[in-house]
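As structure tokens, the structure follows; a few thoughts come after it.
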Amino acid sequence: MIDLVQLRREPDVVKAALARRGVSSAAVDEVIGLDVEHRRLLQESEAIRGEVKELSRQVGEARRSNDAGRAETLSATSRTRGDAERLAREATESVAAQLRERLLMMPNLPDPRVPEGRDENDNVEVRRWWPGMDGGEPFPEYADHQRVPHWESATALGILDMETGAKLSGSMFALYRGAGARLLRALSMFALDRHSDGYEEIRPPTLALTETMMSTGHLPKSADDMYAVERDDLWAIPTGEVPLTSLRRGEILSESELPFKLTAQTNCFRREAGSAGKDTRGVLRLHEFEKVELFAYCTPEQADEVHADILSRAEGLLRELGLPYRLLDLCTGDLGTASAYTVDLEVYSPGVDKWLEVSSVSWFRDFQARRANVRYRRADGSLALVHTLNGSGLGWSRVWAALIETYRQADGTIRLPAVLDPYFGGDATIR
RNA sequence: GGAGGGAUGACAGAGCGGCCGAAUGUACCGGUCUUGAAAACCGGCGUGGGCUUGCCCACCGUGGGUUCAAAUCCCACUCCCUCCGCCA
């Protein structure tokens, strides 16, 4: 949620920032108008409320001094004012509800460094890495046996069975078998092992309350992309970010515990309502996938450093796995609702000849903290909202595909990078 | 799923229609005393909102209701505890 106080103080700054994301000046004015109206009504109803309280106090006084007549008169006046108060309060609450609704739909202000753009095509590549790059080697050349899509090679090896996945749950649900399933488990273990220095490992529930989904900004705006368990009023989380952001919801943290860093491996559920037919072969886009998330609450001063740390951890994993990747600064048109600044990591996968998004490292400023009401007490005793950041480290289905394609040998076997050997009993080769 | 008990400030815990934003204790902050510390004593000490910055309003799990007036009475819900049932 954007800061209403800032909106009052510098409406033009807010308008200019939101205009970059396509929010019209009129929409912002509407919020401002509702805020003005809300405060006017609030003052009115609070003044009447004050009157009622004062009258009630006097009724009590009159009763105690056995002045029944006076008490009755005062009581009657208070009753009338009480009716007026009810009306004023209802009007106030109605405007407050409208204001809240508009505010919850409003996206975060993009950071100045976010490039201008309409959609994902305008994201700006900031860096590229591949094995041997530092030694001056060119971008890898791939052999024909690596140019095989994973849905062909993995299915042939019996480690991926999309057909049975569809039989169980419908299209875009994967079933991994044998070494394929083990590879997925290995990747989560590998990542969590790497993050264990500094990030507390969490195993959160994957069904969450509406309030929990509201805090990150996934609701109300993206309800169509979420799986709802309506009977119990729960939602399947689209990312570990959801439970982690609410871990300390409503709490006041001490400055000494910041940055407060967490990591969690969870399944992630996405309806992919708006992406019919796009990259749907194999495991490129699934309704359910596994991801290791990195998350932090921190002070505004710590935010840059934490963002860099999360990013470098995500990069580090890809380097250890020997997979080429690139970094993109998301443009204003592709930035997530809650984010102020996001860097995406895309891994190159030779079989499909595509760059695949495997991580999004985002800084939310106090947008989520305001919704989740997570604050910290500063050295001077004052309270301030924390900043939240998160990033995948990493989302596995696409990494899985890139590994299968990149490390496919001429004989059709897959010799996975040596860092995974320990998770395969010493030899990470899939035959 | 059934029966009972509970939810109050950082924590413990009183209050059970009006003088209660809330006793008391602990913790915390400042001061006195002390060579220093401790103890003792004195003072302070929740959050949010509004505006005429001094005041007003809201908040005692959540939502509704009764009343001139609700932490306090009534209803519903959520969560926690105990017991029973069921289950991995």
Side-chain angles (χ1 to χ4, degrees), chain A residues 1-9 11 31-104 203-215 219 229-235 243 246-258 260 297 366 369-386:
Chain A
M1 204 147 64
I2 62 166
D3 183 5
L4 207 45
V5 175
Q6 186 194 8
L7 181 60
R8 278 175 211 151
R9 260 206 290 267
V31 170
I32 294 172
L34 284 168
D35 178 45
V36 169
E37 176 69 357
H38 175 245
R39 280 182 294 159
R40 188 183 69 75
L41 290 167
L42 189 62
Q43 279 179 56
E44 193 179 302
S45 59
E46 285 188 351
I48 304 176
R49 177 96 188 115
E51 275 181 58
V52 172
K53 284 183 76 167
E54 175 57 22
L55 284 163
S56 295
R57 200 186 58 75
Q58 290 175 20
V59 172
E61 229 167 56
R63 283 273 155 73
R64 274 190 300 281
S65 53
N66 289 318
D67 191 345
R70 195 170 109 82
E72 197 37 59
T73 312
L74 286 165
S75 187
T77 313
S78 181
R79 222 180 337 245
T80 313
R81 296 310 287 153
D83 291 341
E85 192 239 328
R86 176 187 296 266
L87 289 174
R89 184 159 41 89
E90 279 168 5
T92 310
E93 276 164 12
S94 148
V95 173
Q98 288 176 55
L99 176 62
R100 186 178 148 72
E101 197 182 306
R102 297 292 195 294
L103 228 36
L104 281 174
R203 193 67 188 232
T206 45
L207 293 181
L209 300 172
T210 300
E211 195 184 350
T212 307
M213 297 282 284
M214 282 275 196
S215 295
L219 291 179
V229 186
E230 285 183 54
R231 189 169 67 166
D232 296 294
D233 195 23
L234 290 166
W235 302 80
S246 281
L247 204 88
R248 308 290 300 270
R249 186 172 65 220
E251 294 185 34
I252 296 169
L253 316 188
S254 68
E255 189 163 9
S256 60
E257 53 183 324
L258 298 175
F260 184 81
Y297 296 116
D366 57 12
R370 184 169 293 107
R371 290 176 169 226
N373 193 220
V374 182
R375 292 167 296 174
Y376 71 103
R377 196 171 292 282
R378 288 196 289 219
D380 65 3
S382 66
L383 286 168
L385 291 164
V386 299

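What you are looking at is a predicted structure, and each value in this text was computed from that prediction instead of being measured.
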Going 5' to 3' through nucleotides 51-64 of chain B and flagging B where a protein heavy-atom sits under 4.0 Å of the base, S where only the sugar-phosphate is that close, and - otherwise, we get S-----BS------
Given Watson-Crick and G-U pairs under 3.5 Å, RNA chain B in dot-bracket ([ ] crossing, | other strand) is ((((((((.[[[..)..(.....]]].(((((.......))))).((((((..)))))).[[[[[..)....]]]]])))))))....
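- Residue A:L234 is tested with A:T212, A:T210, A:L207 for a side-chain contact (heavy atoms from CB on, under 4.5 Å); the sole match is A:L207.
- Scored by the salt bridge (charged side-chain N to carboxylate O under 4.0 Å, His left out) test, A:R100 finds no partners at all (sequence neighbours excluded).
- The stretch residues 66-74 of chain A has no heavy atom under 4.0 Å from RNA chain B, so no residue of it qualifies as close.
- For A:D3, the salt bridge (charged side-chain N to carboxylate O under 4.0 Å, His left out) partners two or more places apart in sequence, or in a different chain, are A:R370.
- Partners of A:R64 by salt bridge (charged side-chain N to carboxylate O under 4.0 Å, His left out), not counting sequence neighbours: none found.
- Salt-bridge formation is detected for the pair A:D35/A:R39: a Lys NZ or Arg NE/NH1/NH2 atom is positioned less than 4.0 Å from an Asp or Glu carboxylate oxygen.
- A salt bridge does not link A:K53 with A:E46: none of the charged nitrogens is closer than 4.0 Å to a carboxylate oxygen.
- Nucleic acid contact class of A:I252 (heavy atoms, under 4.0 Å, all strands): none.
- Atom P of B:rA38 sits at a distance of 10 Å from the matching atom of B:rC29, rounded to the whole Å.
- Across all strands shown, A:R377 has heavy atoms under 4.0 Å from sugar-phosphate atoms exclusively, and none from any base.
- The separation of B:rC74 from B:rU67, taken at their P atoms, amounts to 16 Å, rounded to a whole angstrom.
- Remark: A:Q6 engages A:E10 in a side-chain hydrogen bond (donor to acceptor under 3.5 Å, both in side chains) (not counting sequence neighbours).
- Note that A:R248 lies in the cation-pi zone of A:F260, set by a 6.0 Å cut-off to the ring centre and a 45° limit from the axis.
- For A:E230, the side-chain contact (heavy atoms from CB on, under 4.5 Å) criterion is met by A:A228, not counting sequence neighbours.
- Partners of A:S215 according to the side-chain hydrogen bond (donor to acceptor under 3.5 Å, both in side chains) rule, which considers only residues two or more places apart in sequence or in another chain, do not exist here.
- To the nearest angstrom, P of B:rG48 lies 17 Å from NE2 of A:H38.
- What separates CG of A:L41 from P of B:rG49 is a distance of 19 Å, to the nearest Å.
- Atom C1' of nucleotide B:rG49 and atom CZ of A:R40 are separated by 17 Å, given to the nearest angstrom.
- Within a 6.0 Å radius of CD in A:E211, other residues, nucleotides and ligands contribute 12 heavy atoms or fewer.
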Please write out each protein N/O paired with an N/O of nucleotides 18-20 of chain B under 3.5 Å, distance rounded to 0.1 Å.
{"unit_1": "B:rG18", "atom_1": "O6", "unit_2": "A:R63", "atom_2": "NH1", "d": "3.2"}
{"unit_1": "B:rG18", "atom_1": "N2", "unit_2": "A:S56", "atom_2": "O", "d": "2.6"}

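- Taking the salt bridge (charged side-chain N to carboxylate O under 4.0 Å, His left out) definition, one finds that A:R378 meets it with nothing, sequence neighbours left out.
- Scanning for side-chain contact (heavy atoms from CB on, under 4.5 Å) contacts around A:E85 gives A:I48, A:R49, A:R89, with sequence neighbours left out.
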